[in-house]
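Contents: one structure, followed by commentary.
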Amino acid sequence: MLFAETVAAGNGMTLSKQPRDTLAIPRWLYLATGGATIGASALLASFVTDRAFIRYLHSWSVPGPRIDDWRTPVVWIGCGLGIVVLGLAVYLGVTGPQLPTASFTILVTFVVVRAGLPMLTYLGGNLWPVLNPWRGIVSLLPTGFRTYPEGLARWPAVGGLLLLVWVEVIFPVSTIPSVLSIAILGYSVVTIAGAVLVGPNAWFGNADPLSVLFRFFGAVAPVKRRDGKLTVKLPGSDLTDADVITDTSDVAFVIALIWELTYSGFITTQTGAATIETLVSLSNIGVGAVQIRAILIYTLLFVSGYVVFFGAYWYAGVLSRRRTGTYITAKRIAFRFAPSLLAIAAGYHLAHYTGLAVSLSPALGMAIVSPLSPPANPLTLSPPGWFEGLSIAYVLVGHLLAIWAAHATAYELFSSRLVAIRSQYPFIVVMIGYTVISLWILSLPGATPPYLP
């Protein structure tokens with residue numbers, strides 16, 4: 001069975017439907033091992049108490065070539081390329097082939113924008129400001145008719161990200177290119193109108209979910225732009241900076257990055273599908289009403305799960321302040337530890353989308369070479385079974401990097417070594433919980449989300 005032989009409704013992850021193998025060890029042992037790995041790493045990190053050494057690791061860097069001299073032409077070329085791809089995606093979604101694995105629109109959206117570009121961002125640096133087609137379009141228009149309300153912070157981006165994920169789940173954007181084309185066109189209208197109204201810097205810095213997503217993922221990357229030069233640092237070095245998270249909306253956005261991948265993974269498993277079917281079957285109503293109820297249940301699970309994830313992290317900040325008795329507020333503690341969660345989000349994303357990117361890469365290449373007439377039966381790959389082991393490794397590595405970033409943050413935030421160690425305990429518990437949930441989802445057999453069109 002090909003790894004991506006068909007497309008199911010639900011989200012971009014269902015572009016690949018290879019069933020997972022049954023675990024060779026008891027699930028409880030598998031989950032306990034994953035949780036114990038995170039706990040043990042936190043214990044080991046607590047033995048590193050030399051502040052100078054921790055500061056050295058996070059400040060170490062290797063300067064690269066100067067890029068300011070050729071940044072402007074690269075930006076124009078990148079934006080031009082982005083505009084061309086955006087136009088083709090909207091046009092071919094309506095006029096091109098409607099087979100998902102042959103559609104330029106679907107492959108570019110899910111393999112490139114949903115999977116590939118975030119990987120490139122947290123592994124190599126943020127290129128989205130160069131490729132953003134909407135910024136390129138807005139640069140040709142008059143802008144700045146209104147001032148962006150500072151009180152909104154990044155809340156529009158939080159709502160936008162959650163809305164995009166909800167649309168990806170409920171509507172067949174991963175199965176019907178014309179539906180995806182309409183969604184892209186709608187997103188383009190809102191983005192261009194917003195950027196024209198309040199100015200591109202304010203809109204793309206605060207309200208546009210894609211731009212905020214890539215900016216946060218860029219904080220994990222080892223490649224940075226500093227003083228007009230490319231600089232190579234250790235991965236996650238900037239996660240201890242106080243200016244990464246500056247508002248409650250930033251925390252909400254980071255939690256949304258973690259939850260949306262957890263939710264998407266859960267509803268595409270047999271357990272998730274059975275849960276949806278059980279909740280829907282509680283009501284004896286007609287077929288049409290059942291579909292409406294199913295959408296409400298999908299939405300309720302999505303919103304309630306996000307509230308639980310956000311509440312668990314925020315309460316960890318409250319507990320951290322209680323345990324340490326510090327004068328630092330729980331809000332500030334939550335702000336400072338939140339960047340470490342970006343490493344977890346990157347690990348989750350890599351675990352969920354590596355297989356999809358690899359399996360559909362030949363089909364993407366064919367669609368790019370011949371976007372107007374791609375082959376009727378595009379080539380797809382079937383990754384070996386050890387790819388599942390890579391997914392587990394990506395989750396664990398993301399959590400281990402998060403543990404270290406939280407440890408380094410604690411030593412920057414608190415003057416007492418004992419207080420610095422104790423402040424991490426509530427967040428470590430939350431991270432272990434995230435780890436166990438994610439590993440549990442990866443251990444479940446896959447399935448198509450029920451009741452969706």
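The residues of the chain are indexed from 1 along the displayed sequence. Note: hydrogens, waters and symmetry copies are ignored here, and every other heavy atom, side chains too, is used. Predicted, not measured: the structure shown is a model, and the values here were computed from it.
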The ring pair (Phe, Tyr, Trp, His ring centres under 6.0 Å) partners of Phe266 (sequence neighbours excluded) come to Trp440
*Are the side chains of Gln270 and Leu444 in touch, meaning some heavy atoms are under 4.5 Å apart?*
no
Note: Gly124 and Pro222 closest approach over all heavy atoms is N-CD, 4.4 Å
With Leu364 as partner, the option from Ile106, Thr380, Thr101, Leu107 fulfilling side-chain contact (heavy atoms from CB on, under 4.5 Å) is Leu107
Handout entry: Donor-acceptor contact present, side-chain His407 to main-chain Ile421, <3.5 Å
Key = no
Trp155 meets the ring pair (Phe, Tyr, Trp, His ring centres under 6.0 Å) criterion, sequence neighbours left out, with none
So, does Thr121 use its side chain to make a donor-acceptor pair with the main chain of Asn126 at under 3.5 Å? no
Residue pairs meeting side chain to side chain donor-acceptor pair (under 3.5 Å), one or both in residues 324-345, sequence neighbours left out, come to Arg336-Glu412
The ring-ring contact (aromatic ring centres under 6.0 Å, His included) partner of Tyr313 among Phe335, Phe427, Phe337 is Phe427
| query | Is the Tyr434-Phe309 ring centre distance short of 6.0 angstrom? | reply | yes
Pair up each side-chain donor or acceptor in residues 296-307 with any protein partner under 3.5 Å, not counting sequence neighbours, and list the distances.
residue, atom, partner, partner atom, Å
Tyr298, OH, Pro450, O, 2.7
Thr299, OG1, Trp166, NE1, 2.6
Thr299, OG1, Ile295, O, 2.8
Ser304, OG, Leu300, O, 2.6
Ser304, OG, Leu301, O, 3.4
Tyr306, OH, Ala252, O, 2.8

Could you list the donor-acceptor pairs under 3.5 angstrom formed between side-chain atoms of residues 207-214 and any protein atom two or more places apart in sequence or on another chain?
residue, atom, partner, partner atom, Å
Asp208, OD1, Tyr187, OH, 2.3
Asp208, OD2, Ser211, N, 3.1
Asp208, OD2, Ser211, OG, 2.6
Ser211, OG, Trp128, NE1, 3.4

Answer yes if the side chains of Ser188 and Trp134 hold a donor-acceptor pair under 3.5 Å, and no otherwise. yes
Residues at least two apart in sequence or cross-chain that pass ring pair (Phe, Tyr, Trp, His ring centres under 6.0 Å) with Phe216, listed by chain then number, are Phe253
| Regarding Arg154 and Thr246, is there a side-chain donor-to-acceptor distance under 3.5 Å anywhere? | yes
